[in-house]
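The sequence lines fix the lettering, A, B, ..., with proteins before strands; numbering per chain opens at 1.
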Amino acid sequence: MAEDRRVLTGEHFLNGDHACAEGAMAAGCKFFGGYPITPSSEIAERMSERLPEVGGIYLQMEDELASMNAILGAAWGGWKSMTCTSGPGFSLMMENLGLGVVLETPCVLVNIQRGGPSTGLPTLVGQADMMQARWGSHGDYEIIALAPNSPQEMFDLTYKAFDLSERYRVPTLVMSDECVGHMSEKVVIPPAGKMPEVQRKYTTKKPGEYLPFDHPAGGVAPMVKAGDGYNIHVTGLTHDERGYPVINAEAQDVMVRHLIDKINKNRDDIIDVEEIDVEGADVIIVSYGISSRTCYRALDMAKEEGLKVGMFRLVTVWPFPEEQVRELAKRVKAFVVVELNFGQIYYEVERCACGNAATYLVPHAGGDIHDPADILAALKEAAK
Amino acid sequence: MEFWRKPLDADQVKVPHGQIYVIKERCKGCSFCVEYCPRDVLEMSEEFNKKGYHPPVAVRQEDCVACGLCELICPEFAIHVELIKEEEEATQKPEV
Amino acid sequence: MPAATPKRDEVRFTGFGGQGMAVLGYILGRAAAVYDGKNATMTQSYGPEARGGASSSQVIICDGPVYYPYVIVPNVMVAMSQEGYTKFRENLTDDGKMLVDEDLVSLAPDEDLDRVYRIPATRFAEELGRKIVANIVMLGFLSALTDFVSDEAIRKAIADSVPRGTVDLNMKAYEKGRAHGQQVAGDRSTKAEA
Amino acid sequence: MTTPGEVTTAEPMAPEQHPMSRFLREDRMPHIWCSSCGLGTTLTCFIMAVVESGIDPKDMAVISGIGCTGRVAGYLNFDSFHTTHGRAIPFATGLALANPDLRVVVYSGDGDLVAIGGNHFIHAARRNMDILCVCVNNFTYGMTGGQAGPTTPITAKATTAPYGSYEYPFNIPYLAVASGANYVARWTALHMRRLKNSFREAINKKGFRVIEIISPCPTAFARKNRLGTGLDVLKYYHANSIIQHGADPKDADIEMGGKIIVGKFLDVDRPCYRDYVTESISRQLGGK
């Protein structure tokens, strides 16, 4: 057999968008349906070149509504699939992100965030879609979102997003940003043998016994694909374990609880954070994505000034690491939240701090990253 | 007065017969089958089903030629017709 | 994070869209990260216009991890446009080097001439047949003047980054710039000794 | 059956065992469609065409959007997908590409396919995606009470067009042909055998195939426009349909009280999307 073209191996100097595409390929992504939008288009470009090399298909859809649906269709056809977008496209994908959630369809959606609202700053950085990632589609659900802060993490976390989406049968978001997407750094990729393709779990039950939307305690049912002979029915309506629509409050309760429980009861497995000098810190910076890169520098500056400062970086943003923040709040004076918006994750931190620690925000409207001096000033204020 | 031309081999052609089945509870009384049956086999019955519709009834079952049109036009999957096999139809075939 | 501050070099490239400022940053970063085993971060300013507008890229080369991804105070600045020179010239380390295209940039009256290197990059490139390789001439000059990245690493990065069929031309441009850089550096040190 | 006066010549089979049963989700019957709605008729024709085509239903997938016709996916005992409003075609596109062995059928309504999903319709046709697209056109949004839609004829009344529609409606065959489909036909719900044959023919073709079926909506469209029952509408079709194979689809506009041109407008074999992908990739990448 020829070399495994799925995995680009070795050390490369890649921008975040390209690294993301390579992470998807390594995970075994076979279908990309997308619509070009700055600053995510480099992902689409890379996928259009790479997917045909592994027998996959890149299809440029007519819009983001179609893109999101096409990757759901491809997933039920048996392929791992992905799309990518930015602000306006992310808004257009929201309706059918909800379809993916309710159909419990594994797939990956990458948002290279730019400044908004509306067309906003197409070529400049933003981080103001974080709450949309959590609550963007109508209805009640839980979702998984990861926030890479380097091209290496664009590779690693895209791969991981595929893994999580398969394990929990949920569309998984990679909430990156323009700066990380367009930044080039060294990306180290292990050989194909050490990077197995993410596997989908298929049922071993016979047709007639299999329930596509079963909810074993805290888990998910294995899948089938169209054409396997199971005559599955899949609907965006509230449905029972068979997938048949049931339009009443009881069925709604069972289904929505399942959508929430399968994520919430597995938080320990899903959540990943980076902690720096958290022990003994008076003040803790909470940040994610590109903003966390600025915080590293602010952390150095604060230490030079003798402040006892630590950092809590969200690698997984959703589900939010509530327990960890609650525990930290009991031990520290304050949290300083650094993000390119006027308070999104900030409110989550404040909520989980439960008044045990003060919560400060270093807001920024986007278009550029923070000035480390502004973060330092907030740290000083918080340490008082 | 209508004139029908009778085919010369009419006596040799076996006219098929059909058995009509109505799933009464599914019927919603649209009367498509009654209207479009080419042999006027069906009529709407007087009886009501549980939903309050009058299902059709085969009043001239012997005229049914199993063309299947009622089955095809019924929007409710409530009527179907089975072709009666020749051997079943024939009385006592002599043993050879 | 390591306790000791690792050696961190910062370079800013600035010019017009179409001069290949992003390519320059990419080649330098790739050379450092992939072929010299260091860490490098390349970012670029990025606007809606594909050609003619202001364009710049930045590279940080570091022995340890690069945390803050943007240039703070560059050690070297390469200016291939007047606008870029004027906009960024104040921001350079005390011993920083300012490389300008001598035909495209007029120096400010108060410019510290000791830090400035005036290079006929575009003219050299035209002599080689393609104006488009002026950026690579600059890279050659930069390579002669600094030790951020090895000569060998840059050559490999050029060969891997430029379109196939243009490797020879780019290599010639690089060598031309580098030879010029070595000569100028030699002249300056002789002058300093004298 | 024990209906009085019935002549029986054989023991009746279990009367609830309709021959369509194995293709239907019997546990979901009766369906939600109104009395004298044409949708069930079109579905019977479709199932019969599948049977006649000899294709194993396991190799078919049916995708619907939202609305009355959108319920088709829920009643057919095939792999079936009931998606969001207007998005059946892109969902089907992904499915068809991921599993090329599937025969992918989109079965939805006029509002779903050419209003909210209109963009997907024309682009799937442009790409000649390997999808059979069945559009049941009843000129209205029936499920939600009879609002005006993209095919509502001029002057026809709807709950959101109380003075009669002012808008030119889409002529679906013309739209499909212009957009690049491989096969385009129109029938009414009364043309059962021709519709069935058309289904059978289209199922066995490649590329984007469009079958429009004009179908009565007795509860919303017919009532609002005083057209009588579903049966009256079928009679109207009977009196006013003109079968004209190969007609120029631009002449096939539908007007209130006018003739309905039906038939097969187009049947070509332009290479479909996957043919181009396969050809292009093998040319560019060789044996990779």
So, the part of Ala73(D) with a heavy atom under 4.5 Å from chain A: the answer is both
Minimal heavy-atom distance between His120(D) and Glu62(A), with the atoms involved, is ND1-OE2, 2.8 Å
Residue from Leu76(D), Thr84(D), Ile63(D) scoring the most non-hydrogen pairs under 4.5 Å with chain A is Thr84(D)
Turns out that what part of Leu72(A) lies under 4.5 Å from chain D's heavy atoms comes down to both
With chain A, the option among Ile66(D), Val277(D), Thr93(D), Thr83(D) that has the most non-hydrogen atom pairs under 4.5 Å is Thr83(D)
Max heavy-atom pairs within cutoff under 4.5 Å with chain A, candidates Leu97(D), Leu102(D), Asp56(D), goes to Leu97(D)
### Query
More than 12 foreign heavy atoms under 6.0 Å from CD of Glu52(D): is that the case here?
yes
Does OH belonging to Tyr58(A) count more than 12 external heavy atoms closer than 6.0 Å? yes
Looking only at His123(D), Arg25(D), Lys58(D), the option with the highest number of non-hydrogen pairs under 4.5 Å against chain A is Arg25(D)
**Prompt:** Ignoring hydrogens and geometry, is there a side-chain-to-backbone donor-acceptor pair from Asn69(A) to Pro90(D) under 3.5 Å?
**Reply:** no
If one checks every heavy atom of Leu59(A) against chain D at 4.5 Å, the contacting part turns out to be both
Closest heavy-atom pair, Ala226(A) versus Leu95(D), reported as atoms and distance to 0.1 Å, is CB-CD1, 3.9 Å
dist Arg87(D):CZ -> Met68(A):CE (nearest 0.5 Å) comes out at 13.0 Å
Interatomic distance, CZ@Phe81(D) vs NE2@His233(A), rounded to 0.5 Å, equals 9.5 Å
Pair count under 4.5 Å, heavy atoms only, with chain A: among Ile281(D), Asn77(D), Ile122(D), highest is Asn77(D)
A quick test of your reading: do over 12 heavy atoms of other residues, nucleotides or ligands sit less than 6.0 Å from CZ of Phe170(D)? no
- CZ of Arg22(D): more than 12 outside heavy atoms within 6.0 angstrom? no
For Asp63(A) and Asn119(D), the nearest pair of non-hydrogen atoms, with its separation, is OD2-ND2, 3.2 Å
Applying a strict 4.5 Å limit to non-hydrogen atoms, the region of Phe32(A) in contact with chain D is neither
Distance col, row Thr105(A):OG1 vs Phe91(D):CZ, nearest 0.5 angstrom, shows 6.0 Å
Whatever's closer than 4.5 Å to a heavy atom in chain A on Arg127(D) counts as side chain
Looking only at Gly56(A), Gly227(A), Gly243(A), Pro207(A), the option with the highest number of non-hydrogen pairs under 4.5 Å against chain D is Gly227(A)
Review point. Does the ring of Tyr244(A) carry Arg28(D) above it, NZ/CZ under 6.0 angstrom from centre and within 45° of its axis?
Key: yes
Between the NE2 atom in His82(D) and the CG atom in Leu99(A), the distance rounded to the nearest 0.5 Å is 10.0 Å
(Q) Would you say CZ of Phe213(A) has more than 12 non-hydrogen atoms from neighbouring residues, nucleotides or ligands within 6.0 angstrom? (A) yes
